[in-house]
A.B. asks: 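Let me begin by handing over the structure; questions about it come next.
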Amino acid sequence: MDLSSRRQLPLFSIGIVQKLTGLTARQIRYYEQHGLIHPARSEGKQRLFSFADVERLMDVRSLLDDGYNMSGVKAKLLGKQPDGAGAAKANDKAAEPSDAELYKWLQEELQAGQTERAMSLFQGDLSRLYRRR
DNA sequence: ATTCTAACA
DNA sequence: TGTTAGAA
């Protein structure tokens with residue numbers, strides 16, 4: 001049983017993780033829906049978080065505290081490469097990806113066969129690109 | 001007592 | 001994001 005394995009062991013209830021990360025249960029479940037974490041489940045369907053999950057959540061907390069919004073955090077955490085322009089930073093509204101950046105990223109994901117991931121991760125942003133009826 | 005999902009006077 | 005209802 002190496003370090004890598006122990007880091008992945010499903011050990012904590014959402015209650016513990018709330019205290020460990022300072023996030024609310026609502027936020028933790030919300031971030032899971034956005035693919036930021038993938039906690040295991042007990043037989044009773046209750047979430048079981050590993051050290052890796054907790055660390056991940058703490059990273060999310062950190063980014064949010066620095067002013068990033070959901071799409072900014074997702075881009076930062078889920079390996080979206082540094083495209084010269086829409087780099088990173090935080091504060092005001094600089095974290096929202098432009099439509100051009102969105103199209104570019106979406107195109108890359110689709111070509112890489114990650115369409116399902118792209119759909120779940122950017123439901124919110126993509127809706128911005130839908131045609132208005 | 002806790003957590004889960006779904007939904008919003 | 002908060003909150004809450006109803007079930008597990």
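Within every chain, numbering begins at 1; the chains are lettered A, B, ... in the order of the sequence lines, protein sequences first and strands thereafter. Small disclaimer: the values here were computed from a predicted structure and weren't measured.
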A.B. asks: What's the spacing between A/R56 CZ and A/D59 CG if we round to 0.5 Å?
C.D. replies: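 Output value for this atom pair is 7.0 Å.
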A.B. asks: Rounded to whole angstrom units, what separation is found between the CD1 atom of A/I28 and the P atom of B/dT2?
C.D. replies: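 Atom-to-atom, A/I28 to B/dT2, this comes out as 15 Å.
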A.B. asks: Please lay out, stage by stage, how A/V60 and A/Y68 fare under the test side chain to side chain contact (heavy atoms under 4.5 Å, CB included).
C.D. replies: CA-CA 9 Å; A/V60 174; A/Y68 283 83; over 6 Å; no
A.B. asks: Between atom CD in A/Q18 and atom C1' in B/dT2, what is the gap in whole Å?
C.D. replies: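 It works out to 10 Å between those atoms.
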A.B. asks: Side chain of A/Y31 only, heavy atoms from C-beta on: which candidate in C/dT1, B/dT5, C/dG2 is closest?
C.D. replies: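 It is C/dT1.
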A.B. asks: CD of A/Q33 versus P of B/dA7: gap in Å, rounded?
C.D. replies: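 In whole Å, B/dA7 P lies 12 Å from A/Q33 CD.
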A.B. asks: Runs of at least three consecutive Watson-Crick or G-U pairs, both distances under 3.5 Å, are what I'm after; which ones involve DNA chain B?
C.D. replies: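 The stems that DNA chain B takes part in, listed by first number, are B:2-8 with C:2-8.
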A.B. asks: Which of residues 9-17 of chain A sit near DNA chain B, with a heavy atom under 4.0 Å from it?
C.D. replies: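 Residues of residues 9-17 of chain A that come under 4.0 Å of DNA chain B are, in numerical order, A/S13, A/I14, A/G15.
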A.B. asks: Could you tell me whether a side-chain N or O of A/D65 sits under 3.5 Å from a main-chain N or O of A/S62, the two making a donor and an acceptor?
C.D. replies: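 No, the answer is negative, given that no donor and acceptor are paired below the 3.5 Å cut-off.
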A.B. asks: As an exercise, state the distance from CG of A/L23 to CZ of A/R29, rounded to the nearest 0.5 Å.
C.D. replies: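 One finds 12.5 Å between CG of A/L23 and CZ of A/R29.
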A.B. asks: Compare every heavy atom of A/S71 with every heavy atom of A/N69, then report the nearest pair and how far apart it is.
C.D. replies: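 Closest pair (atom of A/N69, atom of A/S71, distance): OD1-OG, 3.0 Å.
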A.B. asks: If you measure from CD on A/E32 to CG on A/L57, what distance do you get to the nearest 0.5 Å?
C.D. replies: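 One finds 9.5 Å between CD of A/E32 and CG of A/L57.
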A.B. asks: Short question: side chain of A/R7, backbone of A/F51 - any donor-acceptor pair under 3.5 Å?
C.D. replies: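 No, A/R7 side chain to A/F51 backbone: no donor-acceptor pair under 3.5 Å.
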A.B. asks: Quick one, A/L78 and A/L36 - any side-chain contact, counting heavy atoms below 4.5 Å?
C.D. replies: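 Counting from C-beta outward, A/L78 and A/L36 do come under 4.5 Å.
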A.B. asks: B/dC4, OP1 or OP2 - any side-chain N/O from A/Y30 closer than 4.0 Å?
C.D. replies: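 So the side chain of A/Y30 is outside the cut-off, no N or O lying under 4.0 Å from OP1 or OP2 of B/dC4.
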A.B. asks: Would you say A/R47 reaches B/dT3's phosphate, i.e. side-chain N/O to OP1/OP2 under 4.0 Å?
C.D. replies: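 For A/R47, the contact criterion (side-chain N or O under 4.0 Å from OP1 or OP2 of B/dT3) is not met.
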A.B. asks: Give the C-alpha distance, both sets of side-chain angles, the deciding distance and a yes or no for side chain to side chain contact (heavy atoms under 4.5 Å, CB included) between A/L11 and A/L48.
C.D. replies: CA-CA 6 Å; A/L11 305 170; A/L48 291 178; over 6 Å; no
A.B. asks: Taking A/T24's backbone N and O only, do any of them form a donor-acceptor pair with A/Q27's side chain (distance below 3.5 Å, no angle check)?
C.D. replies: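 It does hold such a pair.
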A.B. asks: Tell me: CZ of A/F49 to C1' of B/dC4, nearest whole Å?
C.D. replies: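 After rounding, the reported distance stands at 12 Å.
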A.B. asks: I'd like to know whether A/I28 forms a side chain to side chain contact (heavy atoms under 4.5 Å, CB included) with A/R47, so could you lay out the CA-CA distance, the side-chain angles of the two residues, the decisive distance to 0.1 Å, and finally the verdict.
C.D. replies: CA-CA 10 Å; A/I28 295 170; A/R47 273 166 272 251; 5.6 Å; no
A.B. asks: Spell out protein contact along nucleotides 3-8 of chain C as letters: B when the base is contacted, S when just the sugar-phosphate is, - when no protein heavy atom is under 4.0 Å; keep the 5' to 3' order.
C.D. replies: B-----
